[in-house]
Colleague: 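This is the structure, below, for whatever I ask next.
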Amino acid sequence: MDVRETTLQELFGGPKQYLVPLYQRPYAWEARQRERLWADVLELSETRRTEPGATHFTGSLVFSTGTVVPSGMEFLVVDGQQRLTTLSILLCALRDTFRERRPESPVLAESIHEQYVADRFKPGDARLKLLPTQADRDAYRSVVDGGADVPDEPDASVSGVRDAYTYFRRELGRVDDLELTRDAVLGGLVFVSITAKDEDNVYRIFESLNNTGMRLTQGDLVRNDLFMRLGHRGESAYSSWWLPMQRRLSVNDLELLFWLDAVAEEPLLKQGDIYSSQQARLAAMDDEQILAEIERFSRLSEHLMRIRDPSQESDPTVRKHLRHLAEWSSTTTVPLTLRLLSRRAAGTSTSAEVAGALATLEAYLVRRTLVGRPGQGLNRIILQACGELDDRPVDQVLLDYFSTGRKHFATDEQVRDAIRTQPFYLRGLRNQQKLILKWVQEELNPNEPIDVERATIEHVLPQTLTPDWRAALAADLDGEPVDVVHERLVHSLGNLTLTGYNATLGNRPFPEKQEEYRQSSFTALNRLLLDAPVWGRTQILARSEWFADRITRQWTGPNVRARSVGGRRDWSIVHRAIAAIPAGRWTSYGDLAALIGTHPAAVGAHLAGTHIHGTHRVLQGSGTVAPGFRWPDPADGRDPRAVLEAEGLAFSASGVARARDRLSTAALAARIGLIDE
């Protein structure tokens, strides 16, 4: 390879053209990089007032060996295209500033244009000393041909060219000595020019410069690998498929697309390994297969845009489920959804089948949330579904897949039991809880849109009991402790609704809340609330049954071949909650029972036969030590109250633990990660 020191004057002078190949990313310099370059130019200009030969090192440039063409020598820019493009835009701005300021001396401007920007004696793009990649060419031509009418388009590369030209024109307007600035740019900025002698060297140099992923994104590297393999055959594919995709997606979404495509085959693939994974796959392909891959990626980008913006989907049922999955905000579902939309585009699946498959995926997510299944393993389960798609109808394939094995696709019975007994408010992400309520409302009244971002979840029976609420709840009980029943019911689905004014309702009396509910847009969701004379256990349980009926119909469960997951309580949640109680704090048997939808007595019986550190911090709802408390070691004779006081927990003279040190069910759920506010 040839390595030497050079300047812009030497690079752009003479019959030479520098082509930025298709595999390079579009122009991407922003204000920070432009400002740093301009500061260097100004500093160099001032230095050259007293030291005319002063120079400033501006970095390295890597080119392929020059090719002789009828118009001169042609070089491919392997590295440094961002600097070269920026400096060429600066020369255009300098030319136009001369034209504006020195109209009587046109030679000052035209010498810059004809020697270092464009050769008027050459046709078309052959006249340009620098020819950027296709995404930048329209904007760059406008700058070269006058600078005033740079296209104002949404594409990031176009706005980058325009912004660079506008910036330099503004800054040059503040410069007094334009000739000094011109000479500094053309003769004072120094580069190390590296020219490789063959294509193998070019490829190796490029990878050594960029394969770290520090300077180019993983998406850039995949693109570069594709088009470096194709050479001149890539022109048509770039125009037809790649450039539209590049304009369709953001830089981040383009990188995401390559990851989503690869992760369906490699579920453990990290986004930082996209390039190496795709490169290994593409290495075995010939040119025709590479061209087909570029078209496939472009088609995938259309599907990704439809997933991002479901309004682009024409089929109403598919559109509804795409919207639901987009609102659910789980990236894990996107690879499978891409596969489904791709099959439909290829004609191997119908819209009805895709809609059914998406409905099954949605039902699987909703039902898991309702029964409180943790998220561990969910990503793997959904990604592996991509490999299950075969020649059978995709809706049946996914129903079979999610219904078999240990995938925890909750049955109708499990969903009903969870709605009756589990604390829905303490399950999963808050946004997903709101979405389930929203989708029930929309199914009942599809013409009434709901802004879930502005809505909040309202506890009808409030989380903090006032004397009036305590009395109202007690009237519906048969001697059971009010606090225990309250803990069991307050976070259940039957006690929850959506509202736009949660903070104003708080723990106001039920009749006052009812009046607010009558004015709400969630009338379908609140029908039983509006008809109820009072609000207590009977009404909450009746509304839970109503929800169970609605939800099991709206989200179809597993097929008859589904293996039962089992209906036992998940005591591991209780164990984790006890382990999360710090010294100096306490909780009650009722608080723990509400976590898994059981009775305080069941918790007490379980703890009596289980050796768990920290059970002495579990007290009765009144804040007193349970009379039957025993340490795991029968020989341990310590007084549990004395141990708690030594840990920092304060008791009243009558033996009641301080209320402010109590961890509620919600606080326990937050500590062990059951909820995410």
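Just the heavy atoms: all of them, side chains too, but no hydrogens, waters or symmetry mates, feed the values below.
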Colleague: Atom CG of Leu336 and atom CD of Gln384: how far apart are they, to the nearest 0.5 Å?
Modeller: 12.0 Å
Colleague: Quick one: pull up CZ in Arg99 and CD in Glu110 and give me the separation to the nearest 0.5 Å.
Modeller: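 Output value for this atom pair is 4.5 Å.
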Colleague: So Arg49 and Asp177, do their side chains get closer than 4.5 Å, heavy atoms only?
Modeller: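 In short, these two side chains touch, coming nearer than 4.5 Å.
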Colleague: Walk me through whether Asp261 and Gln278 qualify under side chain to side chain contact (heavy atoms under 4.5 Å, CB included).
Modeller: CA-CA 9 Å; Asp261 179 63; Gln278 292 282 9; 3.4 Å; yes
Colleague: With side chain to side chain contact (heavy atoms under 4.5 Å, CB included) as the test, would you mind laying out the steps for Leu172 and Trp38 before giving the verdict?
Modeller: CA-CA 10 Å; Leu172 284 164; Trp38 181 243; 3.5 Å; yes
Colleague: Can you measure from CZ (Arg137) to CG (Leu131) and round to the nearest 0.5 angstrom?
Modeller: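 Reported to 0.5 Å precision, the distance equals 4.0 Å.
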Colleague: Would you call Arg34-Glu171 a salt bridge at under 4.0 Å N-O?
Modeller: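 No, this pair does not count.
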Colleague: Have Gln115 and Gln9 got a donor and an acceptor in their side chains that come within less than 3.5 Å?
Modeller: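 Judged by distance alone, the side chains do not pair up.
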Colleague: Does a side-chain N-to-carboxylate-O contact under 4.0 Å join Asp253 and Arg248?
Modeller: no
Colleague: Between the side chain of Thr166 and the main-chain N/O of Asp163, is any donor-acceptor distance below 3.5 Å?
Modeller: no
Colleague: Is the closest basic N to carboxylate O distance between Arg306 and Glu302 below 4.0 Å?
Modeller: no
Colleague: Determine whether more than 12 heavy atoms belonging to other residues, nucleotides or ligands lie under 6.0 Å from atom CD of Gln33.
Modeller: yes
Colleague: Are a donor atom and an acceptor atom from the side chains of Arg430 and Gln433 found within less than 3.5 Å of each other?
Modeller: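 Yes.
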Colleague: Here's a test for you: under side chain to side chain contact (heavy atoms under 4.5 Å, CB included), which of Leu378, Leu365, Ile382 qualifies with Thr332?
Modeller: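 Of the listed options, the one satisfying the test is Ile382.
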Colleague: For Tyr116, which of Leu94, Leu87, Leu91 qualifies under side chain to side chain contact (heavy atoms under 4.5 Å, CB included)?
Modeller: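 Exactly one candidate clears the test, Leu91.
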Colleague: What's the separation between atom CG in Asp183 and atom CZ in Arg48, rounded to the nearest 0.5 Å?
Modeller: 6.5 Å
Colleague: Do Tyr140 and Ser88 have a side chain donor and acceptor closer than 3.5 Å?
Modeller: yes
Colleague: Quick check: does any side chain N or O of Lys129 sit under 3.5 Å from a backbone N or O of Gly14, one acting as donor and the other as acceptor?
Modeller: yes
Colleague: Would Thr195 and Leu61 satisfy side chain to side chain contact (heavy atoms under 4.5 Å, CB included), going step by step from the backbone distance to the final call?
Modeller: CA-CA 8 Å; Thr195 305; Leu61 303 170; over 6 Å; no
Colleague: With side chain to side chain contact (heavy atoms under 4.5 Å, CB included) as the test, pick out the partner of Phe63 among Leu11, Leu19, Ile194, Asp79.
Modeller: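 Option passing the side chain to side chain contact (heavy atoms under 4.5 Å, CB included) with Phe63: Leu11.
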Colleague: Begin with the C-alpha distance, continue with both residues' side-chain angles, and end with the deciding distance and a verdict on side chain to side chain contact (heavy atoms under 4.5 Å, CB included) for Gln17 and Lys122.
Modeller: CA-CA 11 Å; Gln17 184 180 48; Lys122 293 178 182 177; over 6 Å; no
Colleague: At what distance, to the nearest 0.5 angstrom, does OH of Tyr18 lie from CG of Leu76?
Modeller: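 CG of Leu76 is found 12.0 Å from OH of Tyr18.
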Colleague: Enumerate the ring pair (Phe, Tyr, Trp, His ring centres under 6.0 Å) contacts for residues 320-342, please, sequence neighbours excluded, ordered by first and then second residue.
Modeller: His324-Trp439, Trp328-Trp439
Colleague: For the residue pair Arg169 / Thr97, report whether a side-chain donor-acceptor contact shorter than 3.5 Å exists.
Modeller: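 There is such a pair between these side chains.
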Colleague: Hey, are Arg281 and Asp225 close enough for a salt bridge, meaning a charged N less than 4.0 Å from a carboxylate O?
Modeller: no
Colleague: Using modelled atom types and a 3.5 Å cut-off, is there a donor and acceptor pairing between side-chain atoms of Thr333 and backbone atoms of Ser330?
Modeller: yes
Colleague: Are more than 12 heavy atoms, taken from residues, nucleotides or ligands other than Arg170, located less than 6.0 Å from that residue's CZ atom?
Modeller: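 Yes.
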Colleague: Going by the rule ring pair (Phe, Tyr, Trp, His ring centres under 6.0 Å), which residues pair with Phe191 if we only count those two or more places apart in sequence or in a different chain?
Modeller: none
Colleague: Would you confirm whether Gln82, through its side chain, and Ala28, through its main-chain N or O, come within 3.5 Å as a donor-acceptor pair?
Modeller: yes
Colleague: Which residue in the set Arg308, Arg344, Lys320 passes salt bridge (charged side-chain N to carboxylate O under 4.0 Å, His left out) when paired with Glu313?
Modeller: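 The option that passes is Arg344.
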Colleague: Got a second to check how far Leu340's CG is from Leu361's CG, nearest 0.5 Å?
Modeller: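 Rounded to the nearest 0.5 Å, the CG-CG separation comes out at 8.0 Å.
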Colleague: Can the ring centroids of Phe297 and Phe258 be said to lie less than 6.0 angstrom from one another?
Modeller: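 Yes.
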Colleague: Within the side chain of Gln218, is there an N or O that forms a donor-acceptor pair under 3.5 Å with the backbone of Glu255?
Modeller: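 Side chain of Gln218 to backbone of Glu255: no pair is present.
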Colleague: Look at Glu179 together with Arg182 and state whether they make a salt bridge at an N to O cut-off of under 4.0 Å.
Modeller: no
